[in-house]
Amino acid sequence: MPGNTALSSMTDEELAVLSKNSVEAEAELLKRYFRLVRFHAGRYAATSADADDLTQEGLITLLRVMKQFDSSQNTKFSSFAQVCIINKMRSLVRSQQNTAVPEEDLIRKLEEKGEFIDSETPESILMQKESYESCRTQVMAMLSDKEWNILQNILQGASYAETAERLHISIKSVDNAMQRIRRKMRTVQDSND
């Protein structure tokens, strides 16, 4: 398993492949993309509570994207992840509020200016990694077996209906469990802020 220095020097594509079997690689990608997820959540949210919900959905989508990324397709991970995250947020906003969503695509402008990801100090990177691992452990400890199984299916790209069928439960049970998971994640995030 590569060390922290090795992970930080890897490309996003290399980390995405490695993240399928490495919590450290997963944490590195989450750290790299957290600001982007928060940025887009802020763009699409009507309130700060909505921004938190969209951030959680964006992070769940990012975790799912890591599992789905296929390096043989010659696609940049950043492009693939951003499209998936933005589409998920747009879909949620449309379904919940049925209002127009901003269509401006700032990602290209940020990449052109080199402002996509800020450089960080080694200390802040270590603190973020420790914070991520602590949050992940806290969330995992708070989830029931049923919630954990549901979350794993969703992260692997299964829809609510597919998850319900696989686990022999109702779609409403999956939806309720995901709402509980989001609340638990928000609780952990709030306590660590």
Side-chain angles (χ1 to χ4, degrees), residues 1-44 51-52 54-90 105-141 143 148-149 151-158 181-182 184-186 188-189 192-193:
M1 192 71 46
N4 292 341
T5 305
L7 287 175
S8 62
S9 65
M10 290 180 143
T11 66
D12 291 353
E13 292 75 19
E14 293 168 329
L15 285 170
V17 170
L18 189 59
S19 72
K20 292 171 177 57
N21 299 310
S22 168
V23 173
E24 291 83 9
E26 186 180 85
E28 179 69 22
L29 275 176
L30 283 168
K31 178 184 68 73
R32 288 184 186 183
Y33 284 83
F34 183 77
R35 285 192 186 109
L36 179 76
V37 171
R38 289 290 293 179
F39 170 77
H40 286 295
R43 283 181 64 206
Y44 295 112
D52 289 342
L54 288 175
T55 298
Q56 293 300 324
E57 286 296 333
L59 292 173
I60 289 170
T61 301
L62 180 58
L63 287 168
R64 182 182 301 138
V65 165
M66 288 179 209
K67 307 297 184 212
Q68 295 172 343
F69 181 71
D70 183 0
S71 59
S72 68
Q73 297 296 315
N74 293 325
T75 303
K76 285 183 67 176
F77 177 78
S78 61
S79 300
F80 179 59
Q82 291 172 74
V83 167
C84 292
I85 290 165
I86 290 169
N87 286 344
K88 180 66 173 180
M89 289 182 184
R90 286 178 176 170
D105 187 2
L106 296 178
I107 297 166
R108 181 181 44 80
K109 292 177 186 177
L110 291 172
E111 283 185 326
E112 289 172 357
K113 291 181 180 180
E115 296 175 4
F116 180 65
I117 300 170
D118 292 339
S119 60
E120 298 180 359
T121 65
E123 295 82 12
S124 67
I125 292 169
L126 179 62
M127 288 174 57
Q128 287 178 352
K129 181 177 183 255
E130 288 173 354
S131 174
Y132 164 76
E133 289 173 356
S134 172
C135 288
R136 188 174 193 272
T137 302
Q138 289 174 9
V139 169
M140 288 174 61
L143 297 181
W148 177 250
N149 289 332
L151 181 60
Q152 288 306 304
N153 275 278
I154 297 298
L155 290 177
Q156 291 170 2
I181 291 167
R182 286 185 198 99
K184 290 176 181 181
M185 290 174 76
R186 212 173 5 257
V188 170
Q189 181 183 11
N192 289 319
D193 283 348

**Request:** Answer yes or no: is there a side-chain heavy-atom contact under 4.5 Å between Glu13 and Lys76?
**Result:** yes

**Item:** Lys67: partners by salt bridge (Lys or Arg N to Asp or Glu O under 4.0 Å), with sequence neighbours left out
**Value:** Glu26

**Message:** Students often mix this up, so state it plainly: with edges at 30° and 60°, are the rings of Tyr33 and Phe77 parallel, tilted or perpendicular?
**Reply:** perpendicular

**Message:** Let me confirm one number: the OG-CG distance from Ser78 to Leu36, rounded to the nearest 0.5 Å.
**Reply:** 9.0 Å

**Prompt:** How long is the gap from CD on Glu28 to OG on Ser9, to the nearest 0.5 Å?
**Reply:** 9.0 Å

**Request:** State, with a plain yes or no, whether a side-chain heavy atom of Asp52 is found less than 4.5 Å away from one of Arg38.
**Result:** yes

**Prompt:** Taking Lys88 for the side chain and Leu62 for the main chain, is one N or O donor matched with an acceptor at less than 3.5 Å?
**Reply:** no

**Request:** Would you indicate whether the side-chain heavy atoms of Ile154 and Arg64 approach each other to under 4.5 Å?
**Result:** yes

**Prompt:** Hey, are the side chains of Leu18 and Leu7 touching, using non-hydrogen atoms and a 4.5 Å cut-off?
**Reply:** yes

**Request:** Kindly compute the distance separating CZ (Arg182) from CD1 (Ile60), expressed to the nearest 0.5 Å.
**Result:** 5.5 Å

**Asked** Got Met66 and Leu30 here, is their nearest side-chain heavy-atom distance under 4.5 Å?
**Response** yes

**Item:** Under the side chain to side chain donor-acceptor pair (under 3.5 Å) test, residues paired with Glu14 that sit two or more places apart
**Value:** Thr11

**Request:** Report the distance from atom OG of Ser79 to atom CG of Asp12, rounding to the nearest 0.5 Å.
**Result:** 10.0 Å

